[in-house]
Amino acid sequence: MNYILHLLIYFNIYAIIAISLNMVVGYTNLLSLAHAGYYAIGCYTYALVTIKLNMGFLPALVLAVFIAALMSLAISLPAWRFKGDFFVLVSLSVQVFLYSLFYNWVSSDSGIDTIGTLKNLTNGPYGIPGIPKPSILSIKFDSIGMIFILSSVLLGICLVISWNLLKSPWGRLLKGIRDDELLARNIGKNVRLAKIQVIAIACGMASAAGTVYASYISYIDPSSASLDDSILFLCMVLVGGVGNFRGPIVGAAVLLLIPEMLRFLSIPDSIAANVRLLLYGLLLVLVVRLRPQGIAGEYRVE
Amino acid sequence: MQVIINGLISGMVISVLALGFNAVYLPSRIFFIALGGIYAITPFVAWACLQYKLPLGVALLVAVLAAMVLSMANEFFIHSPLEKKNKKVSPGAHLISSLGIYIIVIQVIAIVWGSETKVLREGIDGIFKVGTLIITKSQAISGIMSFFLIAAFLTWLKNNKLGILFKALSDNPTELALRGYNIKTLRLFAFGLSGFLTAIASLFTAYETGFDPYVGMSAFLLAVVATIVGGQKTFIGPIIGGILIGMIRSQVVWHFSARWQDAFTFLILVIFLYLRPYGIAGSKARLESR
Amino acid sequence: MMNKLNYVHVKSFVGSMGHGSRFSKEPLVAEGIFINSSSYINAATVLSTEGLKKSFDGQEVLKDVNIDLQRGEIVLLRGDNGSGKTTLLNTLTGNLEPDAGTINIYANGTDEHFRFPRKWYHNLNPFDHFTPERVSREGIGRTWQEVRLFPTLNLQDNIALSYPGQKGEGPFCALIRSFKEQEKRNLNISRERLEKLGLKGREKSSADMISLGQSKRTAIGMALQAGAKILFLDEPLAGLDEAGIRDIIEQLKLIASEKQITLVIVEHIFNMPAILEIATKVWTLKNGKITIETPAQVKEEIQLTNGFRMLEWIKQVGGCEDNPVAVEERLPGGAILKKFALSGKTAGPIVLEVKDLVVHRGKRLVIGEKLPGGDIKGVSFKLCEGELALLEAPNGWGKTTLFEALAGLIPIDQGVIHFYDQDIEAMPSWERVRKGIRFLQARKNIFPGLTVKEMLRLTKDEALISSFPEIAHKKGSDLSGGERQKLSALSLLKDRNLRLGLLDEPFSALDKDGIQLFLDNIKTKLRDAVFFIALPYIKNDKRRIA
């Protein structure tokens with residue numbers, strides 16, 4: 001039972017990320033490889049403010065979302081100028097930059113108590129241990145069941161937010177921009193602002209997912225911000241499908257089930273991670289070739 | 001001075017790699033991310049040959065050939081069919097497929113050979129002393145061979161019939177087809193050439209500093225940055241860009257630390273993309289409706 | 001915002017919308033406009049420019065464009081291919097920044113002046129860049145030659161989206177749903193507008209399921225909904241049949257008279273007569289400058305020049321004494337295929353036979369027509385030895401697409417292409433070249449990075465170099481338009497293997513000598529090859545809307 005809850009918590013986290021990335025890829029037609037970086041911003045922010053400043057879950061969440069949204073300008077400003085392949089390149093650069101930020105902001109002579117200071121903000125490759133479980137208004141969410149409920153509630157909130165946003169005039173504007181950006185500009189729409197908005201919201205959501213992860217696992221390190229993870233997130237969205245709501249959910253489920261199915265094939269642990277990634281890569285190639293709109297999506301990424 | 005020489009040599013190797021990237025990008029506008037995979041797998045193939053007690057020269061040759069074959073396989077199985085399927089080339093599809101191939105290749109390497117760093121060279125590098133300068137044997141080899149390779153490439157482009165054809169392919173593939181040339185085969189050749197250049201650049205670096213499955217992506221990104229900074233519409237561009245990036249990186253290592261090389265590289269990329277997106281050797285293209 | 005010109009702009013009382021007039025504090029005279037207290041010159045100017053310049057790759061396209069557009073005018077903008085019509089259109093609608101000059105917009109009740117080149121501090125304000133969205137705020141709208149709509153939205157949403165200043169378009173308001181009122185009103189207005197455009201009942205139709213005429217009307221509706229007071233239309237009649245043309249002309253008349261919207265219409269010579277019936281003024285763009293003419297003058301000019309020119313050179317090429325005989329075939333979409341049997345030859349064996357050809361570009365049907373039942377009927381025709389074929393069609397019909405399909409550059413969806421005794425639909429383009437099919441593209445037909453010598457070496461035409469001694473060492477990118485065209489045309493015409501020449505608008509970039517050289521070469525080749533030439537011109541035909 002606990003194991004299933006564990007899986008479901010991961011599903012919730014991935015689903016939130018998929019929904020957020022779907023807004024960027026499926027509604028503004030920008031392939032971003034930097035999403036893991038924003039997810040990690042959520043992880044690290046939560047870790048640092050709960051350990052150092054003893055904040056509760058909700059204020060930490062709000063802060064994490066805010067910081068990620070602010071830093072999303074790093075990819076939304078270039079989105080004004082660069083389309084297609086160049087945007088991917090820029091997002092890749094941001095990814096590498098964020099990763100190296102998390103990895104390198106450490107000084108060699110620091111101990112555990114210096115984490116969070118300017119000299120050693122992230123503790124580099126050693127990561128930050130001992131992150132407390134979430135607490136809201138002095139209710140401690142320290143059992144796996146409680147965390148499952150918390151993550152599900154968060155997923156629900158994200159779904160409601162996305163739904164409302166995408167079914168509104170703002171959502172219609174995004175669809176228009178996706179269809180024909182030049183036309184949208186010529187009828188007077190401020191496309192640049194819209195892109196900033198959507199990317200900020202998406203990065204904020206990814207960051208929220210990060211806070212749940214950090215509070216559940218209690219330990220984070222720069223690997224959460226790795227390029228592999230960004231590729232994984234992109235896979236989720238492309239394989240599951242973009243442009244609607246089923247797609248990202250299906251994508252999250254598929255990508256979660258693959259490692260589980262691998263267990264039954266008794267693949268040695270040392271290469272299990274590699275086999276998993278290999279399958280993702282294979283899925284990407286196959287999906288583009290055979291079903292560009294993803295398993296459950298309705299828009300072809302072109 | 002030492003820093004400058006280091007930079008120059010590493011820059012030339014980057015130039016070779018950047019030429020490999022542009023050899024595919026110019027004629028087909030495909031962002032060949034799988035190049036990173038080819039870069040990564042080449043030294044492993046050489047290493048495997050060495051394990052079978054093959055002489056070094058043969059091992060290197062086999063590795064280069066393997067890279068070329070792999071590169072051409074990309075075009076044959078992935079990119080060419082994709083282009084036939086979609087009536088207009090959808091660059092996103094090519095890019096994602098290439099990314100998928102990259103992931104597959106890297107994971108295959110990790111599964112077959114493991115993820116630890118390996119070396120191609122037995123023992124410590126030889127050293128040459130030129131005045132106060134210290135140049136390692138591998139640096140010398142990389143430097144001299146890269147130089148000749150670049151010079152040969154430029155000469156080939158100018159004088160050889162195939163070289164001119166290749167330039168024409170990069171300029172205007174449609175018109176070339178309309179003059180009766182089989183551009184499908186030519187594109188395959190472009191991919192093969194790319195594999196060749198990538199393999200050589202990879203072997204230079206692998207010989208000097210060792211290799212692991214994950215060097216591919218950063219190498220690819222360096223090639224792209226060099227191409228954009230130098231100017232992606234020509235073949236001179238990547239050469240200039242490569243040398244420039246190499247020299248800047250070695251300055252960063254000297255003044256700051258090796259850890260910040262990548263950050264600086266991308267800073268340069270962003271600056272160029274904003275101020276001079278057509279690169280050093282490029283010129284302002286016709287601005288169509290934005 | 002910054003009023004750099006020293007003159008007083010006085011607004012007329014009638015028809016002035018929005019805020020009252022804005023007076024500049026500076027005194028009166030500049031740039032030749034003299035105003036004294038009792039005359040309201042230029043009182044109804046909605047748009048003016050001074051000294052607009054624009055160059056591409058060193059070639060000056062716009063040299064010194066000065067225009068003055070008055071409210072309610074219907075202006076036809078005309079010019080040859082490559083004269084810069086599209087450049088001017090893009091500039092005035094904010095899609096392109098000119099190199100120098102000033103653009104002044106008074107359409108929306110405020111004075112906006114844009115001076116180029118823009119000073120660096122202008123670009124600091126992110127809300128004041130010279131962009132389409134900025135210019136749209138000032139009341140300028142446009143449509144495109146290839147109709148642009150939002151294909152994944154239905155018609156109602158297309159129009160509703162165009163409405164400016166929607167609260168619901170900010171994510172915060174969208175989230176707390178405070179846009180409901182406004183949205184309801186918006187949708188009602190959209191439905192009304194669709195009704196006025198004659199599209200009642202089709203609100204929920206997806207934008208990619210409607211006919212060409214309907215989509216053109218929707219595009220106009222969108223521009224109007226976005227608040228356009230000046231509407232720039234890029235070849236609005238392209239690809240329409242007679243009924244479609246009548247519809248659009250009616251719409252435009254209505255818009256201009258009822259809503260006092262000023263229209264600037266770029267139209268190609270093929271459809272110009274229809275526009276000339278409603279135009280109040282003509283701007284002719286030649287050599288980068290605009291001359292103003294009256295519709296009557298232009299009508300006369302068209303009558304005289306066109307039919308004359310074409311028949312002349314057909315006679316020349318065909319070596320006939322009298323007017324050559326032409327067999328005319330109508331192709332779907334408004335194109336005409338004219339086949340001239342050249343003197344002394346009876347029609348020989350079939351060289352090219354096309355049966356039921358259908359070609360899509362992406363989702364768009366280009367070659368072929370949709371029948372009411374939903375089936376698609378393809379294009380069919382035959383070319384025989386001894387014939388010279390002309391394809392006359394308006395821009396946007398798909399002449400280039402047809403040629404590309406015949407040359408093997410793009411795949412076809414349906415149909416058979418028969419060349420002599422072979423079916424070549426599956427043959428790649430380079431093999432068709434070896435069989436003798438050559439295609440001369442209208443543009444981009446040389447290699448910019450290669451020198452002329454290298455290009456000729458490529459096509460094994462080294463002998464040709466004697467025709468081009470002066471430019472042998474020039475790079476493709478340094479050649480002028482005329483030189484490029486000459487080079488590619490001759491390369492093709494000297495091909496000993498040539499059996500079928502597909503020439504896409506070959507005359508547009510050539511000068512008089514170039515044309516002569518071209519015609520001489522075609523003449524010699526006519527013995528062994530068939531030529532299929534695409535042209536945008538047509539002799540004024542009384543059967544069409546005159």
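Numbered from 1 within each chain, the chains take letters A, B, ... in sequence-line order. Hydrogens, waters and symmetry mates play no part in the numbers below; they use all other heavy atoms, side chains included.
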Exercise for review: Answer yes or no: does atom CZ of C/Phe232 have more than 12 heavy-atom neighbours from other residues, nucleotides or ligands under 6.0 Å?
Suggested key: yes
Review point. Given a strict heavy-atom distance threshold of 4.5 Å, which part of C/Ala160 is in contact with chain A: side chain, backbone, both, or neither?
Key: both
Study note, to complete from the structure: So CD1 of C/Ile176 and CG of A/Asn164: to nearest 0.5 Å the spacing works out to 11.0 Å
Review point. If you look at every heavy atom in C/Phe179 and A/Pro169, which pair is closest and at what distance?
Key: CE1-CD, 3.4 Å
Exercise for review: Rounded to the nearest 0.5 Å, what's the gap from CG on A/Leu165 to CG on C/Leu175? Could you check?
Suggested key: 5.0 Å
Exercise for review: Check whether A/Leu193 gets within reach of chain C through its side chain, its backbone, both or neither, counting any heavy atom under 4.5 Å.
Suggested key: neither
Review point. Do you know the tightest heavy-atom contact between A/Arg192 and C/Thr131?
Key: NH2-CG2, 4.4 Å
Review point. Among C/Gly168, C/Ala226, C/Gly141, C/Gly165, who wins on heavy-atom pairs under 4.5 Å with chain A?
Key: C/Gly168
Check your understanding: Do you know which of A/Ile187, A/Val191, A/Leu183 has the most heavy-atom pairs with chain C at a distance under 4.5 angstrom?
Key -> A/Leu183
Review point. Does atom CZ of A/Phe245 have more than 12 heavy-atom neighbours from other groups under 6.0 Å away?
Key: yes
Review point. Can you say whether C/Asn158 sits under 4.5 Å from chain A via the side chain, the backbone, both, or neither, judging by heavy atoms?
Key: neither
Point to revise | Side chain / backbone / both / neither for C/Pro164 at chain A, heavy atoms under 4.5 Å | key: backbone
Exercise for review: State the NZ-CD distance between A/Lys189 and C/Gln166, to the nearest 0.5 angstrom.
Suggested key: 5.0 Å
**Study point:** Structural part of A/Ala184 lying under 4.5 Å from a heavy atom of chain C
**Key:** both
Point to revise | Donor-acceptor under 3.5 Å (A/Lys175 side chain, C/Phe150 main chain) | key: no
Review point. How far apart are the closest heavy atoms of C/Pro171 and A/Ile201, and which atoms are they?
Key: CB-CD1, 3.9 Å
Exercise for review: Starting at CD of C/Glu169, measure out to CG of A/Leu174 and round the result to the nearest 0.5 Å.
Suggested key: 9.5 Å
Practice item. Report yes or no: does A/Arg185 contribute a side-chain atom to a donor-acceptor pair with the main-chain N or O of C/Asn95 at less than 3.5 Å? Key: no
